[in-house]
Amino acid sequence: MKLSKEFKIGLAGIFALLIFYFGMNFLKGMTSLKKECIYYITFDNIKQLPVSSPVYADGFKVGVVHDIQFDYKTNGKVVVEIDVADDLRIPKGSTAALESAMLGGSTLHLLLANNPLERYVPGDTLTGGSMPGLMTKATEMLPAVELAIGHVDTLVMSLNRLAADPNLPLILNNVQALSASLNKSADALNKLLAQDTPKMMSTFAATGESVTALTDKLGALPLEQTVGDLNRTVAELQATIAKLNSKDNSLGLLLNDTALYAGLNATVGNANRLMVDLREHPKRYVHFSVFGRKDN
């Protein structure tokens with residue numbers, strides 16, 4: 001059977017339409033040969049979310065945005081229809097969030113809740129929100145960046161004033177001279193340490209040996225016996241002092257009896273007066289005559 005030219009053109013057109021349809025679905029990330037698993041998400045602002053953009057859960061692509069509709073019955077809510085994998089089970093309490101892209105548009109993320117008992121079924125509606133993207137974080141950082149730029153400007157102005165100071169060459173010359181002087185001082189100190197350090201170390205070693213020898217000699221001394229003798233001597237001295245303070249002996253009585261002290265004092269006084277009278281009137285006590293004693 002011979003096919004006409006018109007039939008061939010029509011058949012080629014049908015194949016082209018089929019290829020175009022399946023190609024567009026493939027580019028959208030969908031296929032009409034699988035069962036659709038549709039969920040709905042409501043947003044206040046979709047932030048230029050395009051149709052056919054991917055849907056992520058924990059960073060993994062689980063579906064695509066199937067359609068976006070403006071809900072005129074709910075005061076401007078935007079309803080996003082997503083088509084996800086059949087195996088994905090969304091726990092109840094899960095939400096969705098839009099992350100703004102740097103070059104415009106946004107990306108849809110499913111924030112899955114930890115609820116193993118209850119799950120959404122296809123056709124249910126989730127609540128959508130937004131999450132900070134790079135542009136939002138950059139906007140939050142702008143005040144700190146502006147403050148840092150202000151400090152940088154101040155620093156640059158200070159450096160410019162310093163560079164324009166006519167005394168700067170003189171200061172740099174002084175710094176260079178000071179650095180050279182410090183280098184010379186460091187070299188001299190290194191030479192001094194190299195020369196004197198061995199002598200000092202040998203002196204310290206000899207001193208340490210002397211101290212060690214002295215310690216050995218002190219350890220060899222009978223310190224315990226010496227301390228014991230000293231303790232006995234101190235005890236005997238204390239006993240002697242106690243006896244001198246006591247009135248039970250002659251020496252103690254002599255030192256502590258006030259009456260005896262007064263008597264001895266009086267006796268010494270009388271002896272002194274007797275010696276004075278004997279020196280002044282010796283004839284009262286000594287009589288000497290060639291012819292014999294004359295009685296008065």
Side-chain angles (χ1 to χ4, degrees), residues 151 154-155 158-159 161-163 165-296:
H151 289 307
T154 304
L155 178 60
S158 300
L159 291 175
R161 286 196 297 268
L162 180 61
D165 191 347
N167 295 323
L168 182 61
L170 180 60
I171 295 174
L172 293 177
N173 291 333
N174 292 336
V175 171
Q176 187 176 4
L178 179 61
S179 177
S181 178
L182 290 176
N183 290 332
K184 291 181 181 179
S185 300
D187 293 338
L189 181 60
N190 290 332
K191 292 179 180 179
L192 180 63
L193 291 176
Q195 294 176 359
D196 294 344
T197 299
K199 297 180 181 179
M200 294 173 61
M201 294 303 296
S202 61
T203 303
F204 288 154
T207 305
E209 293 176 356
S210 300
V211 171
T212 303
L214 178 60
T215 304
D216 295 338
K217 291 181 179 179
L218 289 176
L221 292 176
L223 294 179
E224 294 182 359
Q225 181 180 356
T226 304
V227 172
D229 295 340
L230 182 59
N231 289 333
R232 286 191 294 273
T233 303
V234 171
E236 292 175 358
L237 181 59
Q238 290 177 348
T240 302
I241 294 173
K243 289 181 180 180
L244 290 177
N245 292 329
S246 177
K247 296 181 180 180
D248 296 337
N249 53 77
S250 300
L251 187 57
L253 289 173
L254 180 62
L255 294 176
N256 297 292
D257 193 350
T258 55
L260 178 60
Y261 172 77
L264 289 174
N265 215 4
T267 302
V268 172
N270 293 331
N272 287 334
R273 287 193 294 274
L274 178 59
M275 293 300 295
V276 171
D277 187 65
L278 179 61
R279 187 173 57 254
E280 293 178 352
H281 308 285
K283 293 181 178 182
R284 292 181 182 177
Y285 303 96
V286 178
H287 299 279
F288 179 76
S289 175
V290 178
F291 301 102
R293 178 179 179 183
K294 183 179 178 180
D295 295 332
N296 291 333

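Remember, it's a predicted structure, so these values are computed and weren't measured experimentally.
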Show me the donor-acceptor pairs, under 3.5 Å and distance only, between side chains in residues 169-176 and residues at least two apart or in other chains.
unit_1, atom_1, unit_2, atom_2, d
N173, ND2, P169, O, 3.1
N174, ND2, L170, O, 3.2

(message) I'd like to know if the side chain of S181 and the backbone of A177 have a donor-acceptor N/O pair within less than 3.5 Å.
(response)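 Such a contact is absent between S181 side chain and A177 backbone.
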(request) Sort out for me which residue in V227, T233, V234 forms a side chain to side chain contact (heavy atoms under 4.5 Å, CB included) with N231. (result)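 Result for side chain to side chain contact (heavy atoms under 4.5 Å, CB included) with N231: V227.
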(message) Tell me every residue that passes side chain to side chain contact (heavy atoms under 4.5 Å, CB included) with T207, counting only those two or more places apart in sequence or in another chain.
(response)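 By the side chain to side chain contact (heavy atoms under 4.5 Å, CB included) rule, T207 matches T203, V211.
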(request) Would you please name every residue forming a side chain to side chain contact (heavy atoms under 4.5 Å, CB included) with V276, sequence neighbours left out? (result)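 Here the qualifying residues are R279, E280.
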(message) Which residues pass the side-chain hydrogen bond (donor to acceptor under 3.5 Å, both in side chains) test with D277, not counting sequence neighbours?
(response)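 By the side-chain hydrogen bond (donor to acceptor under 3.5 Å, both in side chains) rule, D277 matches R284, Y285.
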